[in-house]
There are 2 protein chains.
Amino acid sequence: MARLPRVSPDAILAAAALEFAERGFAGARVDRIARRAQVNKAMLYYHFRSKQHLYRTLLRRMFTLAAARLQTIAASTASPADKVAGALAGMAAFIAEHAPFPRIMLREVAEGGVHLDADTLKALAAVPRAFGAIVHQGVESGAFRRVDPMFAYFSMLAPLVFYLAGAPIRKEIGHLHVAGFRSRPPAEFVRHMQDAVRRSFARDPQRKRGRSS
Amino acid sequence: MARLPRVSPDAILAAAALEFAERGFAGARVDRIARRAQVNKAMLYYHFRSKQHLYRTLLRRMFTLAAARLQTIAASTASPADKVAGALAGMAAFIAEHAPFPRIMLREVAEGGVHLDADTLKALAAVPRAFGAIVHQGVESGAFRRVDPMFAYFSMLAPLVFYLAGAPIRKEIGHLHVAGFRSRPPAEFVRHMQDAVRRSFARDPQRKRGRSS
DNA sequence: GTCTATACTTCGATAGAC
DNA sequence: GTCTATCGAAGTATAGAC
């Protein structure tokens, strides 16, 4: 919409997302990002101060977009159960639009956030927070049994991120003819998770004293 | 048990595990591994041919040990439900003994296995396979509803690995005073997962036609 | 804003003495 | 088997012309 569509910065961020997802911060090569974005390397350093600054900018943006998606769902008028199912579908859709996201997320958890500044860490923290809010609503309203929202976050999002980030290595392993490694499509895994979570969050059937074995 | 307890190779592997977990393959420094293991760098290259060879040796060993733990549980005479709970506890115990494991696992999934050879990939594949076998037994025996064993693997192990690997970054975020980021101890999360999985694998209560809404 | 050429640094790996 | 010293390849970043 701007006067001249200065494609450079966005093209650089898109190329950086691919490179950082595939190789990680240390393994990523600035030359390769520049080549992928079809810009000169000096141009990259002109727009972003350093490799680290580029990385932080990219991650802040990604985490903010992902959290926004979840916040929209949290603020909707749907039932808690539908919000939880919607959160899983929403994150799967977000990843379909931003393919490098899950691998970057996995890497950053493993890194322990060492390359991130406070702002970027806060942007990252907004993702589990938005998710936890949805679960918290469901527990407070009595729709779910008492589950810890942060625990629920890990038990729902981790499988999704893991499964979608794991497509390349499953493909590698598949080449070795290892039994049971046909990779089923993401949509089927999302349905599995929706089903699993619905069952796992459901309140216990009411007994006389509400106490099970 | 050997004549002279040549500590070098094992010390190098232990130091490498820490370094690769913290920094990844590309970020790891051979000098740092040697210093951590208190051996000369040339000695490291004498025992292991290269950084890549050291990495593959380490991962092959780790994956093989983890898979063996699961295979033992799979071969036991416990009920499927107990095996599943035991697999979660067993993996948590394995990670307690091998702290670098979850971060390395996360990184390798994100890497897509690019640094691994066929043997190491097969060792990695043995982990989900052993896990899938346990779930498969439960489904076949009628103890569980029909769940895809590989899907079940991702929905159970990913949260555990993610949660345990995520301790450092949660600590970082906690320093920023972000709400809801007190990190609860691993044992509590294991219980949460055991509970969640038990509910999620349970067969539907028998209705007249076995068909729900 | 854009490019070329290059300075400076780090790192994996080895040669060669003991 | 063990160590010191160092080579050569990459890799981040910038200077300076246009």
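The sequence lines fix the lettering, A, B, ..., with proteins before strands; numbering per chain opens at 1.
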Which residues pass the side-chain contact (heavy atoms from CB on, under 4.5 Å) test with B:Glu22, sequence neighbours left out? B:Arg36, B:Arg103
Presence of salt bridge, B:Asp117 and B:Arg60, under 4.0 angstrom: yes
For a side-chain contact (heavy atoms from CB on, under 4.5 Å) check, start with the C-alpha distance between B:Ser183 and B:Lys171, then their side-chain angles and the critical distance, and finish with the verdict. CA-CA 8 Å; B:Ser183 201; B:Lys171 193 174 174 185; over 6 Å; no
Gap between atoms CE and P, on B:Met43 and D:dG1 respectively (whole Å): 6 Å
Where does the angle between the aromatic ring planes of A:Phe20 and A:Tyr55 fall among parallel (under 30°), tilted (30 to 60°) and perpendicular (over 60°)? perpendicular
Ring pair (Phe, Tyr, Trp, His ring centres under 6.0 Å) partners of residues 78-98 of chain A, not counting sequence neighbours, each pair once: A:Phe94-A:His98, A:Phe94-A:Phe101
Is the distance from OP1 or OP2 of D:dG1 to the nearest side-chain N or O of B:Tyr46 less than 4.0 Å? yes
Donor-acceptor pair, distance only, cut-off 3.5 Å: does the side chain of A:Glu19 make one with the backbone of A:Arg29? yes
So how far off straight is the helix from C:dG1-D:dC18 to C:dC18-D:dG1, going by the axes through five pairs at either end, to 10°? 10°
Could you go through A:Phe201 and B:Arg199, starting from their C-alpha distance and side-chain angles, then the distance that decides it, and tell me whether this counts as side-chain contact (heavy atoms from CB on, under 4.5 Å)? CA-CA 9 Å; A:Phe201 286 6; B:Arg199 292 165 187 270; over 6 Å; no
Are any side-chain N or O atoms of B:Arg49 and backbone N or O atoms of B:Tyr46, one a donor and one an acceptor, separated by less than 3.5 Å? no
Selection: residues 52-60 of chain B, any non-hydrogen atom under 4.0 Å of DNA chain D: none
What residues in residues 21-42 of chain A put a non-hydrogen atom under 4.0 Å from any atom of DNA chain C? A:Asn40, A:Ala42
Tell me which donor-acceptor pairs under 3.5 Å the side chains of residues 188-197 of chain A have, and how far apart each pair is, sequence neighbours excluded?
unit_1	atom_1	unit_2	atom_2	d
A:Glu188	OE1	A:Arg184	NE	2.6
A:Glu188	OE1	A:Arg184	NH2	2.4
A:His192	NE2	B:Ser155	OG	3.2
A:Gln194	NE2	A:Ala85	O	2.9
A:Asp195	OD1	A:Arg198	NH2	2.4
A:Asp195	OD2	B:Arg145	NH1	3.2

In whole angstroms, the gap separating C1' of D:dG11 from CD of A:Glu19 amounts to 12 Å
Give the minimum heavy-atom separation between A:Phe162 and B:Val161, together with the two atoms involved. CE1-CG1, 4.2 Å
How long is the line joining CG of A:Leu44 and P of C:dT4, in whole Å? 15 Å
Pi-cation contact, A:Tyr163 with A:Arg170 (under 6.0 Å, within 45°): yes
Out of D:dT14, C:dG1, C:dT14, minimum distance to the side chain of B:Tyr45 belongs to C:dT14
